[in-house]
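Written out below as structure tokens is the structure these notes cover.
Lettering follows sequence order; numbering is per chain, from 1. As the structure is a computational prediction, the values presented were derived from the model and not from experiment.
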Protein chains: 2
Amino acid sequence: MQFKELDADRLDTAANMLKAIAHPMRIAILKHLEGGKKLTVTQIHELLGIEQSTTSHHLGILKDKGVLCSRREGKNTFYYLKHDVLSQVVDCLERCTCGE
Amino acid sequence: MQFKELDADRLDTAANMLKAIAHPMRIAILKHLEGGKKLTVTQIHELLGIEQSTTSHHLGILKDKGVLCSRREGKNTFYYLKHDVLSQVVDCLERCTCGE
DNA sequence: ATTAAATATTTATATATTTGCATTTGTAAT
DNA sequence: ATTACAAATGCAAATATATAAATATTTAAT
């Protein structure tokens, strides 16, 4: 068992990570970042058609919870997946939401 | 691409499913149900040390969002994973929360 | 030093979630 | 029909989350 004894801290960490992902806009963001892609706040805000501040907020949550990383280059900040494995979470869901 | 056009309804469905899972107690529940195990409300409530009504509530959420199924047998109601694939979501998380 | 562009933060409001207690419903046995 | 156990529901208080408008910060160019 990888969660040693279902330790409360690890459950919290995992739950927070999942909670970060569990939002329609944030899933959409992850989908756009699959395969190691890197996008700026503005690009995402335009792709999704949501407010800049809202976009930044969502990205902040994903970064804070360890789902994304960011790297500033000049005026732009590029966001990208921290663990590419995380695409699997979304992919797994897709499989489950298909045949219903 | 499996989400056809990142369709809003599918994003919602996926988000709701993830939201259902994204809670420490509910992740703990899933861990106990891995491998096709079936447990009653009381068993889970005792395993986790939380209130019966709280347990039932969590199970209701997981069932409602398509994560669990239930089957009544006499006075007991057994809960179990609807898609065993879903263990992968938890497993994937474990992998991501290990080396940090 | 000004200006402009890209991000981030603050703030306020609306909405949703979590939890336990008390109650109710469902099922089986006497 | 009464009793007992299992599970679900209604409720209320505490807490958390989402959104957008306004503001602030960071960086680059002039």
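- Taking atom CG of Leu59(A) as the reference point, atom C1' of dA18(D) lies 15 Å away to the nearest angstrom.
- Rounded to an integer number of Å, the gap from CD1 of Ile50(B) to C1' of dA7(D) is 14 Å.
- Atom NE2 in His57(B) sits roughly 8 Å away from atom C1' in dT18(C) (whole-Å rounding).
- Distance from the side chain of Ser53(B) is smallest to dC21(C) among dT17(C), dT7(C), dC21(C).
- Distance alone, capped at 3.5 Å, is enough to place a donor-acceptor pair between the His23(A) side chain and the Met25(A) backbone.
- Rounded to whole Å, the distance from CD on Glu46(B) to C1' on dC5(D) is 12 Å.
- OP1 or OP2 of dA6(C) has not a single side-chain nitrogen or oxygen of Tyr79(A) nearer than 4.0 Å.
- The distance between atom CD1 of Ile29(B) and atom P of dA7(D), rounded to the nearest whole Å, is 13 Å.
- Residue side chain Gln52(A) does not reach the base of dA6(C) through any donor-acceptor N/O pair under 3.5 Å, judged by distance alone.
- Put simply, Ser56(A) has no side-chain N or O that comes within less than 4.0 Å of OP1 or OP2 on dA6(C).
- As rounded to whole Å, 11 Å separates atom P of dT19(C) from atom CG of Leu48(B).
- Listed nucleotides dA20(D), dG20(C), dA7(D) differ in distance to Glu51(A); the shortest reach to its side chain belongs to dA20(D).
- Note on His45(A): every side-chain N or O is 4.0 Å or more away from OP1 and OP2 of dA8(C).
- At a threshold of 4.5 Å between non-hydrogen side-chain atoms, the residues Thr40(A) and Thr77(A) do not count as touching.
- Using a 4.0 Å heavy-atom cutoff across all strands shown, Thr40(B) reaches sugar-phosphate atoms only and no base atom.
- Taking 4.0 angstrom as the limit, Thr54(A) places a side-chain polar atom (N or O) nearer than this to OP1 or OP2 of dA20(D).
- Note on Lys31(A) versus Glu34(A): salt bridge recorded, some NZ/NE/NH1/NH2 to OD/OE distance being below 4.0 Å.
- Taking side-chain N and O atoms only, His58(B) has no distance below 4.0 Å to OP1 or OP2 of dT17(C).
- Using a 4.5 Å heavy-atom cutoff, the side chains of Val67(A) and Leu30(A) are in contact.
- For the pairing with Ser70(B), the side-chain contact (heavy atoms from CB on, under 4.5 Å) check across Tyr80(B), Phe78(B), Tyr79(B) returns one residue only, Tyr79(B).
- Inter-residue side-chain proximity for Ser53(A) and His57(A) is flagged as unmet; no heavy-atom pair is nearer than 4.5 Å.
- In terms of phosphate contacts, Arg72(B) brings no side-chain nitrogen or oxygen within less than 4.0 Å of OP1 or OP2 of dA8(D).
- In this model, the phosphate group of dA5(C) is not approached by any side-chain N or O of Asn76(A) to a distance below 4.0 Å at OP1 or OP2.
- Comparing atom distances between the Thr42(A) side chain and each of dA8(D), dA8(C), dA6(C) picks out dA6(C) as nearest.
- Atom NZ in Lys75(B) sits roughly 10 Å away from atom P in dA7(D) (whole-Å rounding).
- For the pair His23(A) and dT19(D), the criterion of a side-chain N or O lying under 4.0 Å from OP1 or OP2 is met.
- One can place CD of Glu73(A) at 13 Å from P of dT27(D), the figure rounded to the nearest angstrom.
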